Amino acid sequence: MPVELQRTFCRICEAHCGLVAEVERPSQRVLRLLPDREHPVSRGYCCAKGLRLGEVHHDPDRLDFPRKRGPGGFERIGWAQALGEIGAKLRQLRADHGARSIAMYRGNPSFFSYQHYLFASAFMDALGSPNSYSSVSIDSNPKFFVATHMYGHPLIQPLVDIAHTELFVCLGSNPAISQMSILEMPNPVGRLREVVERGGRVLSIDPRRTETARRVGEHWFIRPGTDAYLLLALLQVLVSELGVARARIERHARGFAALCGAARAWTPERVARVTGIEPGRIRELAAALLSADGACLYVSTGVTMGPFGTLCCWLVQALTLVSGHLDRRGGLLVARGAFDLIRLSRQRGASPSTLARQWPMVAGAFPVAALAEEIEIDHPERVRALIVSGGNPLHSVPGRELERALARLELLVAIDVYPSETCARADYVLPATDMLEHSDFPFGWMLLQATPHAQYTPAVVPPLHERREEWRIFAELALAVGVGWGSNPCRLLPHVNRWLARLPGQPELTPDHLLGLLLWWGGQVSLDALRRHAGGVLLPPLAPDDFLGQRVPTGDGKVDLAPAQILADLPRLEAREAELSSSPGGRLRMIGLRERRTHNSWLHNLERSDLTGGNRALMNPADARSRGIEQGALIFVRGDGGELRLPVQLSDDILEGVIAVPHGWDHRGAQTSRASLLPGQNFNRAIPSGGPHLEPPSGQAIILGHGVEVGIAR
């Protein structure tokens with residue numbers, strides 16, 4: 001059969017690397033995926049995970065047909081029955097208990113499909129329910145919370161001007177394995193090497209000497225959970241010892257005096273006792289930040305998932321502005337995108353909060369670690385129905401509270417590509433398309449591109465079996481529930497299509513028609529042009545002096561350096577100072593790590609020999625000797641949430657007093673032929689969870705830095 005090459009792009013992570021699909025026609029079999037060497041941004045780079053997505057497409061364990069739970073387990077049903085029964089139940093719950101009784105959880109993959117994201121949001125809006133939850137609150141809530149309160153919008157995420165920076169400081173990130181978080185920059189190690197090759201400096205600060213640190217630049221160890229103290233000390237040196245350009249700061253920002261007051265007591269000498277980083281090093285780094293011709297501070301999930309993620313994200317932005325590198329060449333710049341997404345998504349009016357603990361919305365969603373309480377609370381509007389789309393919260397959320405809570409639901413619907421642990425508990429399971437089966441555009445990622453560009457991909461192949469695009473699922477569910485028209489085009493579209501279906505030829509409006517209008521409105525590139533240029537087109541590059549005083553979407557157009565909601569968390573930092581300065585009662589502090597061979601809680605079902613050993617804990621030899629532990633021994637890792645048992649790997653790459661466990665493992669509850677049989681332990685089962693263990697400002701689940709007992713398993 002003839003083989004056709006089709007250019008597309010990966011949507012497994014922020015990098016969005018260009019791909020070329022080899023497809024056998026007319027069988028529509030995807031033979032393999034290759035890096036697109038002509039892509040204007042990734043230029044032939046793609047990680048091993050993205051290149052294996054063709055195997056996901058043809059995996060025999062994929063969900064291919066709608067399923068309904070019956071007396072003897074799941075049975076195959078048709079789409080009409082599934083949508084009709086789900087719609088009727090949602091309609092009844094909405095009438096009896098109000099719109100808040102219906103909730104939705106969206107997992108990581110949903111944010112990499114613009115159709116999925118827009119129509120899931122429109123569906124909840126049409127229902128009138130504020131109960132949206134997302135995986136963002138598992139790893140990145142602080143970034144969006146800080147952006148909202150400092151800059152006036154969650155999508156203002158200043159980006160590394162990597163092509164011009166002299167100093168790149170990386171905290172809690174390992175780009176060599178996981179690319180970059182909330183930043184689109186393919187081949188990050190290659191870009192960081194370019195910094196060093198032109199005479200610049202790359203510094204990784206982490207409790208573990210990561211693969212990135214081993215490959216480029218220098219590395220400093222730091223105790224887990226103490227990054228906020230280091231950042232405060234850097235700020236203290238800048239404002240109290242070195243002096244900064246106060247006139248520029250006060251021209252573009254408010255709250256500078258309160259910011260200085262917050263840092264005043266945190267001298268390098270005091271902070272050294274907490275972080276383990278010498279005072280001289282802290283002062284040297286502060287001076288380097290101030291004097292560099294372009295400097296960037298970058299934090300990722302190793303910081304945002306810790307106890308003070310919001311304070312860290314706030315201090316990174318404040319330090320960048322105070323040291324003169326925000327909106328400056330070589331520092332952090334703010335993107336524009338192919339159209340004005342900030343204007344399009346400005347929120348008006350007060351945001352709702354959760355019922356149990358009054359958690360606020362962050363980037364349009366409540367923290368998922370609070371969902372169990374919203375199901376179990378004694379309240380007439382408690383959550384009674386949950387739609388899980390593109391996620392696996394039973395596996396990804398810390399603790400076991402959610403497992404207990406799901407049993408109280410009157411309806412659980414899972415929309416997914418694999419029969420996950422969450423799917424196994426569902427009343428209905430609906431098969432979704434994968435990234436090769438639907439068109440796409442990096443809608444929500446336009447403002448996160450270090451190299452601005454636009455790219456559209458049509459579907460590479462039609463959906464197999466009865467897999468259905470998520471936008472169609474939500475559009476048809478809206479009709480089944482009987483929700484009305486609205487001004488939101490995504491709410492309007494299913495009603496228009498129902499009318500169009502009566503016409504000859506049954507014409508149809510799709511999300512791509514809406515995308516075409518948005519690109520026309522943006523005026524930079526048309527959808528037709530993107531169809532002609534299958535590899536995408538470059539947009540004007542990030543520009544300095546383009547944001548401050550011009551595009552800051554706060555009420556007065558100034559950056560808020562001292563948001564009250566963030567300053568209120570500073571006493572917690574002081575209260576934990578002594579505890580974080582030493583090992584907690586002989587315990588080790590547990591951190592996570594990502595692996596090159598897996599991606600979050602999926603890709604384990606692919607046929608790979610390197611997965612058969614499960615995950616291993618990483619431990620310093622000195623900590624092992626003191627506990628009589630040898631290389632490869634089976635150990636227990638006992639935390640306040642439960643106990644793990646897994647083999648240990650000894651390494652000097654991890655700081656004494658710390659143990660690292662790769663996350664995403666243990667699929668014994670899934671209905672898959674490979675992943676469910678693999679050994680491995682779920683990191684989340686050892687840590688405490690629930691409302692008391694959410695970071696106070698943002699509702700981020702505190703996942704990293706908890707104390708655990710470690711010893712030989714008997």
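Not measured: the values here are computed from a predicted model.
Leu580 CG to Phe308 CZ: the interatomic distance, rounded to the nearest 0.5 Å, is 6.0 Å. To the nearest 0.5 Å, atom CG of residue Leu386 and atom CZ of residue Arg408 are 14.0 Å apart. Between atom CD1 of residue Ile687 and atom CE of residue Met305 there is a gap of 7.5 Å, rounded to the nearest 0.5 Å. Atom NE2 of His604 sits about 10.5 Å away from atom OG1 of Thr672, to the nearest 0.5 Å. Taken to the nearest 0.5 Å, the CD atom of Glu470 stands 8.0 Å off from the CD atom of Gln115. Taking CG of Leu477 as the start and CD1 of Ile473 as the end, the distance is 7.5 Å to the nearest 0.5 Å.
No side-chain heavy atom of Leu371 sits under 4.5 Å from any side-chain heavy atom of Asn131. Counting only heavy atoms from C-beta outward, the side chains of Ile566 and Leu311 approach each other to under 4.5 Å. For the pair Glu14 and Phe112, the minimum side-chain heavy-atom distance is below 4.5 Å. Counting only heavy atoms from C-beta outward, the side chains of Ser134 and Phe111 approach each other to under 4.5 Å. Within the 4.5 Å cutoff, the side chain of Asn684 has no heavy atoms near those of the Val397 side chain. Counting only heavy atoms from C-beta outward, the side chains of Leu53 and Lys49 never approach each other to under 4.5 Å. Ser353 is not listed as a side-chain neighbour of Met361, based on a closest heavy-atom distance of 4.5 Å or more. Within the 4.5 Å cutoff, no side-chain heavy atoms of Asp427 are placed close to those of Ile86.
Formation of a donor-acceptor pair under 3.5 Å by the Ser581 side chain with backbone atoms of Glu577 is found in this model. Side-chain N or O atoms of Gln358 include one that pairs as donor or acceptor with a backbone N or O of Thr354 at under 3.5 Å. Without hydrogens or angle criteria, Gln681 side chain to Arg645 main chain gives a donor-acceptor distance under 3.5 Å. Under the 3.5 Å distance criterion, the side-chain polar atoms of Ser137 are matched with a main-chain donor or acceptor of Val368. Judged by distance alone, the side chain of Gln565 and the main-chain N or O of Pro697 form no donor-acceptor pair under 3.5 Å. Side chain of Arg382 to backbone of Ile375: a donor-acceptor contact under 3.5 angstrom is found. Not a single donor-acceptor pair under 3.5 Å links the side chain of Asn141 to the backbone N or O of Gly699. Of the possible donor and acceptor atoms, none in the side chain of Ser300 sits under 3.5 Å from a partner among the backbone N and O of Gly302. Not one N or O on the side chain of Gln157 forms a donor-acceptor pair closer than 3.5 Å with the backbone of Ile182.
Under 4.0 Å is where a charged nitrogen must lie from a carboxylate oxygen, and between Arg638 and Glu709 at least one such pair does. Taking a cutoff of 4.0 Å between a charged side-chain nitrogen and a carboxylate oxygen, Glu579 and Arg589 qualify as a salt bridge. Taking a cutoff of 4.0 Å between a charged side-chain nitrogen and a carboxylate oxygen, Lys68 and Glu75 do not qualify as a salt bridge. The existence of a salt bridge linking Arg685 and Asp666 is excluded, since no basic side-chain nitrogen approaches an acidic carboxylate oxygen closer than 4.0 Å. A salt bridge is defined here as a Lys NZ or Arg NE, NH1 or NH2 lying under 4.0 Å from an Asp or Glu carboxylate O, and Arg11 with Glu437 fails to meet this definition.
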Item to check | side-chain hydrogen bond (donor to acceptor under 3.5 Å, both in side chains) assessment of Glu595 paired with Trp665 | outcome: CA-CA 11 Å; Glu595 299 178 298; Trp665 288 82; 2.8 Å; yes
Checklist entry - Given the rule in the salt bridge (charged side-chain N to carboxylate O under 4.0 Å, His left out) test, do Arg62 and Asp434 qualify, once you have shown the distances and angles that lead to the verdict? => result CA-CA 10 Å; Arg62 279 283 303 272; Asp434 58 54; 2.7 Å; yes
Next on the checklist: salt bridge (charged side-chain N to carboxylate O under 4.0 Å, His left out) for Arg674 and Asp61? Distances and angles first, verdict last.
Outcome noted: CA-CA 9 Å; Arg674 297 191 188 97; Asp61 281 345; 5.3 Å; no
Next on the checklist: What verdict does the side-chain hydrogen bond (donor to acceptor under 3.5 Å, both in side chains) test give for Glu401 and Ser689, after you've listed the backbone C-alpha separation in whole Å, the side-chain angles of each residue and the deciding distance to 0.1 Å?
Outcome noted: CA-CA 8 Å; Glu401 285 83 358; Ser689 59; 2.4 Å; yes
Next on the checklist: Assess the residue pair Trp314 and Phe145 against the criterion (ring-ring contact (aromatic ring centres under 6.0 Å, His included)); give the C-alpha distance rounded to whole Å, side-chain angles, the decisive distance to 0.1 Å, and a yes or no.
Outcome noted: CA-CA 9 Å; Trp314 162 61; Phe145 183 89; over 10 Å; no
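Side chains of Ser389 and His116: a donor-acceptor N/O pair is present below 3.5 angstrom, by distance only. In the model, Arg94 has no side-chain atom that pairs as donor or acceptor with a side-chain atom of Ser129 under 3.5 Å. Side chains of Glu421 and His667: a donor-acceptor N/O pair is present below 3.5 angstrom, by distance only. Glu374 and Trp359 share no side-chain donor-acceptor pair at under 3.5 Å. Counted by atom type alone, Asp59 and Tyr418 present one or more donor-acceptor pairs between their side chains at under 3.5 Å. In this model, no donor atom of one side chain and acceptor atom of the other lie less than 3.5 Å apart for Asn108 and Ser135. Side chains of His438 and Glu469: no donor on one and acceptor on the other come within 3.5 Å.
When each of Arg468, Arg467, Arg76 is checked for a salt bridge (Lys or Arg N to Asp or Glu O under 4.0 Å) with Asp64, only Arg467 meets the rule. Residue Tyr428 is tested with Lys89, Arg69, Glu85, Arg67 for a side chain to side chain donor-acceptor pair (under 3.5 Å); the sole match is Glu85.
Checked against the 6.0 Å centroid threshold, Trp79 and Phe65 do not count as a close aromatic pair. Centroid-to-centroid, the aromatic rings of Phe123 and Phe474 come within less than 6.0 Å.
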